[in-house]
Structures are given as structure tokens and as C-alpha cells.
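Working notes for the structure below.
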Amino acid sequence: MYRQLSLPLLLLVVLALAAFSTALMVGSASLSISDVWAVVQGDGDGLARTMVMELRLPRALSAFAVGGLLAVAGALMQVLLRNPLADPYVLGLSGGASIGALGAMLAGFGGVLMSGSAFAGALFSTFLVFGLAHGRGGWTPSRLLLTGVVVAAGWGAVITLMLAMSPAERLPGMLYWLMGDLSYARTPWPPLILLITICLVLVPLGRSLNVLARGPQQAAALGVDVRPLEWGIYVVASILTAAAVTTAGSIGFVGLVIPHMLRLLLGNDQRLILPACALAGGTLLVLADTLARTIIAPEQLPVGVITALLGVPTFLFLLYRSR
């Protein structure tokens, strides 16, 4: 059993290391593998050391953390709703986090206050969706999904209103941030530590999540405390989404495509899917960000544009294959 779980994860680790190597070598000024290796060993010239250690490595680590956070959040939402189309963006979590972060930016806040505002927005959106979707018999996955779609559309309208009323000098930066931007991601350790911590916490809960994915009634019959687990999933997804949005802005399709693709390839065992999502989501965003900053170098594209261009046809293909 452990061998079946470890082989795919080992392959994903190798792919992640290859993505990191590519991100460190490729850019407006390319470096060879020997140059990168010399910097890693503590040697190399000053320019190469600055490019790798101060510019490319922190950005690649941030991209990996954000991609992993979004993919794990998407996998959790799909377990909760038993629907492959569920992800934090569809359910309004990212919209609430974006409004909190944009409000902090307009107020001149940053750092911890911006992160706290994004989390407060995501958590408020969580309670709003749950409250609106709750009927006389409790909420159902279909009702929750439809409510989340409507709330997400409402957050989109509020974001448009905030942009229309924002000072002209702040508007370009806010627009670029909303499209997904890793240019200013210089502190990768908080989201990276959060990703590792959440994975370590969730993997022991894999059996309960596997049962919950079959339905709440069957999970309750097998001794799973369903309601606390469902609320825990939603709160954790809010934390992951808020951390990702704070670090890189709004980046779509990672939390939708990666869990869906991995379930088609690896099955539906959450003990494997969740760490695999962390690795595959991080690898995808590292490669997408590398492409975003090199395709029209020295200019840079928002990484959210690249993930959308890759995610839309990929998801349509996977949807066609899974029929």
C-alpha cells in the first residue's frame, strides 16, 4: 500500500525539482545548469548569485506554495461537494479574499494586515455561502454550489465597483494583482510553511475524507463526525485560499484542473491525492510563472493569464475523456 502511494509522489517530486531547475535557469538572462549549481554550492559570480538567490528562487518558491495551496483547497472543496467542478473560485472564497486584500491595499495596509483582511474576506464569504445555502433540511452540495456561484458573481461586481472608485495611480497595480502577479512575492516561507503544515494535518484524515467523498449518510453510518469535518474542510479551504490570494493575487484553474486530473490518473484516495495536489499544483504554477516572465521578456505577463490559457483546454479535454 505504501509503495503504491510513494511511487507517484516520488515522480511528482522529480518533476517539481525539474521545474525549479528550469525556473532558476530561464529568464531574460539565461543561466546554465553549472552556473546555478555553483550558486547553490555558495560559489558563482555576484550577478548569478543575485539573480538566483534574490530574484528567481524566492519567486519560484512562492509560485510553488501558491499553486500547492490552490490545488489542495480545490481538492478539499471537491470532496466536500462531491463535484469535480467545485473549487475556491467557483464557490466565492477567492472573491471574498480578493475584496479583503483590495480593501487593505486601498487603505495603505500591507503584510500581516493584508493577509488578515484576505482571510477575513474568505471566511466571511464562507459563512455567507453556508448561511444562504442552508434550508429547512440543511444544505446540500448542489444548493451550496449554486449559492457559491451566485456569491462569486456578486463579489465580482463589488470588485469592479472598487476598481471604478479607486484612485487612478493605484488602479494599474490593483488590476495587475487581480490577474495574478508574482513579481513582488519575496517572502515565500509563510505560505510554504502553511502548505506543508496543512498537508501533514490532512493526510492522517485521509480515511475520513475518503468516506465523506461517498456521501455524508454513509460517512455518518461508519462513525465519521460529519458536520465538524465539513466545517473544518471549508475553514481550511478559506485559510489556503486567503494565503494564496495574499501572496499572488487571483489565479484561476489550478484548484479546478489539478485535482480533477490527478483523480483520473491516480484514483480517489485522499491520502495520495492531497499531497499529490500540493506537488502537482506547485509544479504547474512554477512552470506557468517561468513562461509568464520569459515569453515576452523583458516584459512580464500576469501568471493568471498563463494558467487560464493552459487550464481551459486542459479541463475541457479531461472532461471529454472522463465521460
Side-chain angles (χ1 to χ4, degrees), residues 9 11-27 55-78 87-90 93-94 97-98 101 118 176-196 198-199 237 239-262 273-295 300-315 318:
L9 294 180
L11 177 60
L12 288 172
V13 168
V14 173
L15 292 176
L17 292 175
F20 270 105
S21 300
T22 303
L24 296 181
M25 289 188 296
V26 176
L55 298 176
R56 294 182 183 176
L57 182 60
R59 182 163 176 166
L61 289 172
S62 298
F64 184 86
V66 170
L69 291 172
L70 292 174
V72 172
L76 290 174
M77 298 309 299
Q78 291 172 17
D87 84 326
Y89 288 83
V90 174
L93 271 68
S94 66
S98 296
Y176 208 84
W177 180 85
L178 280 173
M179 291 185 287
D181 183 20
L182 284 158
S183 300
Y184 299 100
R186 295 290 182 265
T187 54
W189 301 114
L192 199 60
I193 292 172
L194 175 63
L195 176 63
I196 296 171
I198 290 296
C199 287
I239 296 173
L240 300 182
T241 304
V245 169
T246 304
T247 304
S250 182
I251 299 175
F253 289 97
V254 177
L256 188 65
V257 172
I258 291 297
H260 191 69
M261 179 178 65
L262 289 177
I273 290 296
L274 292 175
C277 281
L279 291 169
T283 301
L284 173 65
L285 202 59
V286 169
L287 293 175
D289 183 59
T290 303
L291 185 62
R293 61 182 173 79
T294 57
I295 190 170
Q300 298 185 20
L301 289 173
V303 68
V305 174
I306 302 298
T307 58
L309 291 175
L310 295 175
V312 170
T314 302
F315 183 74
L318 293 173

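Hydrogens, waters and symmetry mates play no part in the numbers below; they use all other heavy atoms, side chains included.
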Taking all heavy atoms of [X] and all of [Y], pick out the closest pair and write down the distance.
| X | Y | value |
| --- | --- | --- |
| A19 | V286 | O-CG1, 3.6 Å |
| Q78 | G255 | NE2-O, 3.5 Å |
| F253 | A308 | CD1-CA, 3.7 Å |

Starting at [atom1] of [X], measure out to [atom2] of [Y] and round the result to the nearest 0.5 Å.
| X | Y | atom1 | atom2 | result |
| --- | --- | --- | --- | --- |
| I306 | I251 | CD1 | CD1 | 11.0 Å |
| L17 | S21 | CG | OG | 6.5 Å |
| L291 | T307 | CG | OG1 | 11.0 Å |
| L262 | L12 | CG | CG | 6.5 Å |
| L287 | F20 | CG | CZ | 10.0 Å |
| L194 | W189 | CG | CH2 | 14.5 Å |

Donor-acceptor contact present, side-chain R56 to main-chain A23, <3.5 Å: no

Expected output: side-chain T241 to main-chain S94 donor-acceptor under 3.5 Å: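 A pair under 3.5 Å: no.
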
Write out all pairs satisfying salt bridge (charged side-chain N to carboxylate O under 4.0 Å, His left out) with one or both partners inside [range], taking only residues at least two apart or from two chains.
| range | answer |
| --- | --- |
| residues 274-283 | none |
| residues 57-69 | R59-D289 |
| residues 274-283 | none |

Donor-acceptor pairs under 3.5 Å, side chain of residues 276-283 to any protein atom, not counting sequence neighbours: which ones?
from, atom 1, to, atom 2, distance (Å)
T283, OG1, L279, O, 2.8

Give the table of side-chain donor-acceptor pairs shorter than 3.5 Å for residues 65-77, with sequence neighbours excluded, one pair per line with atom names and distance.
none

Which residues share a side-chain contact (heavy atoms from CB on, under 4.5 Å) with L55, sequence neighbours left out: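 So L55 forms a side-chain contact (heavy atoms from CB on, under 4.5 Å) with R186.
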
